[in-house]
Chemist: 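Before anything else, here's the structure in question.
Only a predicted model underlies this, so the values are computations on that prediction, with no experimental measurement involved.
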Amino acid sequence: MIGEAGLVMRRRSSTELLDLAAVLLRRDARRVIVSVWPSWILASVAAALGWWVEPWLGVLAGVFVGRLAQLPTLLVVSDRAAGRPHAVPFRRTLAGWRATVPTTLYYGIGLLFAAVIPPLLVYVWGRMLFIPEVTAIERPESGAADRVSALAAAGTEEVAAARFWQVAVEAWAIVSVTAMGNLVVTDLLGLGQPFGNAWGGDASPFFILGSLVVQPMLSAIRFCFYLNV
């Protein structure tokens, strides 16, 4: 599936793309961990500051900032797919973040205007799927937003499938980590419920942890669907 010269390029089904994403992460697990830990630290700091104000604000801050981990993961798996795996220096990650910001803001403004019309909100959310791949890997000299939209339009089925799997995988990770965390804290350590009842609507740091640990997989999934398009 992945040779010394890089990834064998062919059309794949959704399940094959999920398998490919897992393979890419497994082949470079150490590089991925090394590249994403600064993002995890930033997310932890943002979550702690937000938690001090309001627990749910901490959860939202941690989950939102934690998405920064997707960019360094993308750089690692794209290098592997191209047959040139190597460590990703932090300055390259910073350059990728800077390149991604303008197009993300462009579509972010569109999301704000589309928020009043749910179908339009979903449409814009889907159209902005491949922003990291275009801005950090392709790096077109002009028309990044046009290129992002063109990719989404060319692969409508892939965009819908990728968004579905991203949401499903992240939800599964959050629920699983929260259940395991509660089991350890409440049953094994006998500490009760120091963070309240997560299933009763209380904020839990396990929500943040579940989201953080799955960000590399979400990035790899999106990249594999991008290759299919």
Chemist: In the single-linkage hydrophobic clustering (I, L, V, M, F, W, Y; side-chain heavy atoms under 4.5 Å), do Leu121 and Phe130 co-cluster?
Modeler: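 Leu121 and Phe130: one cluster.
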Chemist: Name every donor-acceptor pair, under 3.5 Å, that has one atom in a side chain of residues 38-48 and the other anywhere in the protein, sequence neighbours excluded.
Modeler:
| unit_1 | atom_1 | unit_2 | atom_2 | d |
| --- | --- | --- | --- | --- |
| Trp40 | NE1 | Leu212 | O | 3.2 |
| Ser44 | OG | Trp40 | O | 2.8 |

Chemist: Which heavy atom of Ala203 sits nearest a heavy atom of Val59, and at what distance?
Modeler: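 For Ala203 versus Val59, the nearest heavy atoms are CB-CG2, 3.9 Å.
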Chemist: Within a 6.0 Å radius of atom CH2 on Trp37, are there more than 12 heavy atoms belonging to other residues, nucleotides or ligands?
Modeler: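 For Trp37, atom CH2 is not crowded (no more than 12 foreign heavy atoms under 6.0 Å).
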Chemist: Between Gln70 and Pro132, is there a side-chain heavy-atom distance shorter than 4.5 Å?
Modeler: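 Not touching, per the 4.5 Å side-chain cut-off.
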Chemist: Should the ring pair Phe207 and Trp199 be called parallel, tilted or perpendicular, given that the plane angle runs from 0 to 90° and is split at 30 and 60?
Modeler: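 The arrangement is tilted - the two ring planes meet at 30° to 60°.
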Chemist: How long is the span from the CG atom in Asn182 to the OG atom in Ser204, to the nearest 0.5 Å?
Modeler: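 Result: 5.5 Å between the selected atoms.
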Chemist: Where is the tightest heavy-atom contact between Ala198 and Thr178, given as atom of each residue plus distance?
Modeler: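 The pair with the smallest heavy-atom distance is CB-CG2, 3.9 Å.
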Chemist: Is any side-chain heavy atom of Tyr107 closer than 4.5 Å to a side-chain heavy atom of Ile131?
Modeler: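 Counting from C-beta outward, Tyr107 and Ile131 do come under 4.5 Å.
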Chemist: For residues Ile208 and Phe64: do they belong to one hydrophobic cluster (side chain heavy atoms under 4.5 Å, members Ile, Leu, Val, Met, Phe, Trp, Tyr)?
Modeler: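 Per the 4.5 Å side-chain linkage, Ile208 and Phe64 are co-clustered.
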Chemist: Can you check whether Pro85's main-chain N or O pairs, donor with acceptor, with Asp79's side chain at less than 3.5 Å?
Modeler: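 Not at all, since once roles are kept as given, no pair shorter than 3.5 Å links the two residues.
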Chemist: Hey, what do you get for CD1 (Ile221) to CZ (Phe164), rounding to the nearest 0.5 Å?
Modeler: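 Answer for the CD1-CZ pair, Ile221 versus Phe164, is 11.0 Å.
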Chemist: If we check side chain to side chain contact (heavy atoms under 4.5 Å, CB included) with Leu151, which of these qualifies: Glu158, Glu138, Arg127, Glu133?
Modeler: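 Looking at Glu158, Glu138, Arg127, Glu133, the match for Leu151 under the side chain to side chain contact (heavy atoms under 4.5 Å, CB included) is Glu138.
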Chemist: I'd like to check Pro55 versus Phe195 (side-chain heavy atoms, cut-off strictly below 4.5 Å). Are they in contact?
Modeler: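 Side-chain contact under 4.5 Å: no.
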Chemist: Using side-chain contact (heavy atoms from CB on, under 4.5 Å) as the criterion, list what pairs up with Thr93, not counting sequence neighbours.
Modeler: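 side-chain contact (heavy atoms from CB on, under 4.5 Å) list for Thr93, sorted by chain: Leu71, Pro72, Leu75, Val88, Phe90, Trp97.
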Chemist: State the OG1-CG distance between Thr186 and Asn197, to the nearest 0.5 angstrom.
Modeler: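 If I round to the nearest 0.5 Å, the distance is 9.0 Å.
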Chemist: Looking only at heavy atoms, which two atoms of Ala136 and Gly96 are closest? And how far apart?
Modeler: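 Looking at all heavy atoms of both residues, the shortest contact is CB-CA, 4.4 Å.
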Chemist: Taking Trp125's backbone N and O only, do any of them form a donor-acceptor pair with Arg163's side chain (distance below 3.5 Å, no angle check)?
Modeler: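 Present.
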Chemist: For the residue pair Gln215 and Thr73, confirm or rule out a side-chain donor-acceptor distance under 3.5 Å.
Modeler: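 There is no such pair between these side chains.
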Chemist: Write down the atom of Ser211, the atom of Glu170, and the distance for their closest heavy-atom approach.
Modeler: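 So the minimum-distance heavy-atom pair works out to OG-OE2, 2.7 Å.
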Chemist: Are Leu94 and Leu68 linked, directly or through intermediate hydrophobic residues, by side-chain heavy-atom contacts shorter than 4.5 Å (ILVMFWY only)?
Modeler: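 Same cluster: Leu68 reaches Leu94 through Ile, Leu, Val, Met, Phe, Trp or Tyr contacts under 4.5 Å.
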Chemist: Looking only at atom types and distance, does a side-chain atom of Arg12 sit under 3.5 Å from a main-chain N or O of Arg10, one as donor and one as acceptor?
Modeler: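 Side chain of Arg12 to backbone of Arg10, a donor-acceptor pair under 3.5 Å: yes, one is there.
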Chemist: Please determine which of Val134, Asp146, Val148 meets the side chain to side chain contact (heavy atoms under 4.5 Å, CB included) test together with Thr103.
Modeler: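 Among the candidates, only Val148 passes.
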Chemist: Grab the two heavy atoms, one from Ser35 and one from Val76, that are nearest each other, plus how far apart they are.
Modeler: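 Ser35 and Val76 have their closest heavy atoms at OG-CG2, 3.7 Å.
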Chemist: If only atom types and distance count, is the side chain of Ser149 paired as donor or acceptor with the main-chain N or O of Ala145 below 3.5 Å?
Modeler: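 Indeed, once roles are kept as given, a pair shorter than 3.5 Å links the two residues.
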Chemist: Indicate, with yes or no, if Met9 and Ile137 share a hydrophobic cluster defined by side-chain heavy-atom contacts under 4.5 Å among Ile, Leu, Val, Met, Phe, Trp and Tyr.
Modeler: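 In one cluster with Ile137: Met9, yes.
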Chemist: From Trp165 CH2 over to Thr15 OG1, what is the distance, rounded to the nearest 0.5 angstrom?
Modeler: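 Atom-to-atom, Trp165:CH2 and Thr15:OG1 are 8.0 Å apart.
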Chemist: Hey, what do you get for CD1 (Ile174) to CG (Leu209), rounding to the nearest 0.5 Å?
Modeler: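 So the CD1 of Ile174 and the CG of Leu209 are separated by 10.0 Å.
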Chemist: For Ser78 and Tyr226, does a side-chain donor sit closer than 3.5 Å to a side-chain acceptor?
Modeler: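 Side-chain D/A pair, Ser78 to Tyr226: absent.
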Chemist: Is there a chain of hydrophobic side chains (I, L, V, M, F, W, Y, each step under 4.5 Å between heavy atoms) that links Leu111 to Leu120?
Modeler: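 Yes.
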Chemist: Nearest 0.5 Å, please: how far is CZ in Arg31 from CZ in Arg80?
Modeler: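 If we round to the nearest 0.5 Å, Arg80:CZ and Arg31:CZ are 6.0 Å apart.
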Chemist: Taking the side chain as every heavy atom from C-beta outward, state whether Val214 and Val169 have any pair of such atoms under 4.5 Å apart.
Modeler: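 The answer is yes; the side chains approach within 4.5 Å.
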Chemist: Using a distance-only test with no angle check, is there a side-chain donor-acceptor pair under 3.5 angstrom linking Thr135 and Thr100?
Modeler: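 Yes, a side-chain donor-acceptor pair sits under 3.5 Å.
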Chemist: Could you go through Val124 and Phe113, starting from their C-alpha distance and side-chain angles, then the distance that decides it, and tell me whether this counts as side chain to side chain contact (heavy atoms under 4.5 Å, CB included)?
Modeler: CA-CA 10 Å; Val124 176; Phe113 283 104; over 6 Å; no
Chemist: Which pair of heavy atoms, one from Phe225 and one from Ala161, lies closest together, and at what distance?
Modeler: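 In this case the closest contact between Phe225 and Ala161 is CE2-CB, 3.6 Å.
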Chemist: Phe223 pairs by side chain to side chain contact (heavy atoms under 4.5 Å, CB included) with which of Leu218, Asn228, Leu24?
Modeler: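 Exactly one option meets the side chain to side chain contact (heavy atoms under 4.5 Å, CB included) with Phe223, and it is Leu24.
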